[in-house]
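Presented below is the structure to which this report refers.
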Protein chains: 2
Amino acid sequence: MALRHAVLAALLDEELSGYQLAKAFSVGVANFWHALPQQLYAELARLERDGLIAGREVVQDTRPNKRLFTVTDAGLAELDAFAAAATKPSFLRDDLAVKVQAADHIDSAVLIGQLAERAEIARAKADLFENLLRTMRGAAEEDDFLRHGTRIGPYLTCLRGLAFERGNHDWCLRTIGILKAREAARVRP
Amino acid sequence: MALRHAVLAALLDEELSGYQLAKAFSVGVANFWHALPQQLYAELARLERDGLIAGREVVQDTRPNKRLFTVTDAGLAELDAFAAAATKPSFLRDDLAVKVQAADHIDSAVLIGQLAERAEIARAKADLFENLLRTMRGAAEEDDFLRHGTRIGPYLTCLRGLAFERGNHDWCLRTIGILKAREAARVRP
DNA sequence: TGAGCATACTCAACAATCTGACTAGTCACA
DNA sequence: TGTGACTAGTCAGATTGTTGAGTATGCTCA
C-alpha cells in the first residue's frame, strides 16, 4: 500500500489536482515513485473517502473544473505511522537487465542498440533532475540549502533519482564498450 | 511478461530446479530481477507447457525428488524476440524514497533509523555482489575476463547490481549526515 | 477549418505480484 | 526427543498495476 503514502508525500508540499499529480508521477519527475493516472485518481478517491486528504473544487472558465487536494491531520498521522513501520526492501526489476543477462546468447548489435537508447533516456532524465535541483535550491549553495532550507525532502529524493540515472547511464555506456570490444576481438582475435 | 524472460535468461547458464531458481530470485542474488517462489513455479509450468523449457525428473534418496529445467530452441527464439522488442523504461519504486520525500514532516530520528538499516542492507548486498564477481572472473583480471570470457551476461548484470547498491548505500549515509546536521543546527542555530 | 495537443477525468477488463497457509521428508543440535 | 532449519514443492485469494477506450472543452498553428 505504498502508493497511498507516495500520494500523501507528494501532496505535502503543494495542493495538486489529480491531473497535475498524474503528470508528476508519470512524465519523469517521478523521482521517488511511479504510477499511471488511473491508479492515482482511484487512490485519491480512496484517500478522500478515508479522510486522509481533503479536496476543494476550483471552477475554471476556459478549462474543465478541477479538484485540488491537501493532506489532512489524519493524513499526516498516517504518514507518521508509515514512516515508523518497517521499510520493504527495494528490488531491481528491469527489462534491460534481463536482456543483458542473456547477452551471451543473443545478438550483440541488437543489445547495443537497446543499451544506447537507454543511455540516452538516462542522460535526459539526469539533465531534468539537475535542473529540478537547481530550481529547488535557488541561489543557495547546495550544502547551505540542505543545512538550512525548508522542504528538503523532494531535493533528497531527487538526488537519489539523479544518482540512479547516472548509474544507469554509465553502466549502459560501459556495457556497450565491452560488447563492442568483444565483437572486435572475435573478428581479429 | 518479463518474468517469463527473466526465468529463461536465468536458465541459460545452468540447469536449475524451481527451488534453486526461487533462491536465486529472492535471497539477494537476484541482481537482475526479483520474484517469489510461487510466481516462479507458476511461470515454470507455463514455460514448460509452451515448450520454451524442458524439465527432467531427478530422483534423490535423502531429499524430495526435483525437476531440473533447460531452455529449448523455442525458448532461445523467444528470448531473441524479446531482446529485439522495445525495452520498457525502468522506474524507481521504493518505500524508503517515499519516507524521505516526506522528510520535512516526519520525525528525523525515525527516518535516520530507517536509512541506517537500509545502508547496512545495501552494504551487505554490495559485498555479496563483489564476491560473486570475484567467483565469476576467477583468476583473470576484470578487463581480460570481460574481453575474452564466456558467459559475461551474469557478470554484467551483477556489475549493475553492485553499482545500484553502492549508490543506495552512499545516498543513505549522505542523507543521514544531512538530517543530523539539520538537527544540530536546530538546537544551536 | 481542421488536426493535433492540453486540460481534466472516468470505466472496465486483464495481467502481474504478493500474502499466507499447507504437505512432507531430512538433518543437525541440544 | 523435540525444535527449528533446509529441501522441494502446491493452492487459494487479495491487492496492485497495466492496457485500452471514452467524455468533453478549449487553444494554437498551419
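In what follows, every chain begins at residue 1, and chains take the letters A, B, ... in the order their sequences are listed.
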Checklist outcome for this item: Glu57(A) atom CD is separated from dC9(C) atom C1', nearest whole Å, by 12 Å

Checklist entry - Side-chain N or O of Lys23(A) less than 4.0 angstrom from OP1 or OP2 on dT7(C)? => result yes

Checklist entry - So Glu183(B) and Lys180(B), salt bridge (charged side-chain N to carboxylate O under 4.0 Å, His left out) or not? Walk me through it. => result CA-CA 5 Å; Glu183(B) 272 191 339; Lys180(B) 283 192 174 163; over 6 Å; no

Next on the checklist: Using the side-chain contact (heavy atoms from CB on, under 4.5 Å) definition, which of the options Leu159(B), Leu146(B), Leu156(B) pairs with Thr175(A)?
Outcome noted: Leu156(B)

Next on the checklist: Without decimals, in angstroms, what is the distance between Asp61(A) CG and dG26(D) P?
Outcome noted: 10 Å

Item to check | Atom pair distance, as rounded to whole Å: OH in Tyr19(B) and P in dC6(D) | outcome: 7 Å

Checklist entry - Parallel, tilted or perpendicular: which fits the ring planes of His34(A) and Phe91(B), with parallel below 30° and perpendicular above 60°? => result parallel

Next on the checklist: Rounded to whole Å, please give me the gap between CD in Gln60(A) and P in dT7(C).
Outcome noted: 11 Å

Checklist entry - Does a sphere of radius 6.0 Å around CZ in Arg137(A) hold more than 12 heavy atoms from other residues, nucleotides or ligands, not counting ones at 6.0 Å or beyond? => result yes

Checklist entry - How about Phe129(A) and Glu165(A): do any of their side-chain heavy atoms sit closer than 4.5 Å? => result yes

Next on the checklist: Side chain of Met1(B) only, heavy atoms from C-beta on: which candidate in dT17(C), dA16(C), dT7(C) is closest?
Outcome noted: dA16(C)

Item to check | Check: Gln101(B) main-chain N/O paired with Thr157(A) side-chain donor or acceptor under 3.5 Å | outcome: no

Checklist entry - What is the distance, rounded to the nearest whole Å, between atom CG of Leu44(B) and atom P of dT10(D)? => result 9 Å

Checklist entry - Which whole-number value in Å describes the distance from Glu43(B) CD to dC18(C) C1'? => result 15 Å

Next on the checklist: Closest approach to the side chain of Arg93(A), judged atom by atom: which nucleotide of dT17(C), dT7(D), dT7(C) is it?
Outcome noted: dT17(C)

Next on the checklist: Reading DNA chain D from 5' onward, which residue's closest nucleotide shows up sooner: Pro64(B) or Lys88(B)?
Outcome noted: Pro64(B)

Next on the checklist: Let me spell it out: for each of Arg67(B) and Gln39(A), pick the nucleotide of DNA chain D with the closest heavy atom. Which residue's pick is nearer the 5' end?
Outcome noted: Arg67(B)

Item to check | the helix from dT1(C)-dA30(D) to dA30(C)-dT1(D): angle between end helix axes, five pairs per end, rounded to 10 degrees | outcome: 40°

Next on the checklist: Please report the distance, rounded to the nearest Å, between CZ in Arg46(B) and C1' in dT10(D).
Outcome noted: 14 Å

Next on the checklist: Any N or O donor-acceptor pair under 3.5 Å from the base of dG20(C) to the side chain of Gln38(B)?
Outcome noted: yes

Checklist outcome for this item: In whole angstroms, the gap separating C1' of dC11(D) from OH of Tyr41(B) amounts to 14 Å

Checklist entry - More than 12 non-hydrogen atoms from neighbouring residues, nucleotides or ligands closer than 6.0 Å to CG on Asn131(B), yes or no? => result yes

Checklist entry - Using a cut-off of less than 4.0 Å, is there contact between a side-chain N or O of Thr62(B) and OP1 or OP2 of dG25(C)? => result no

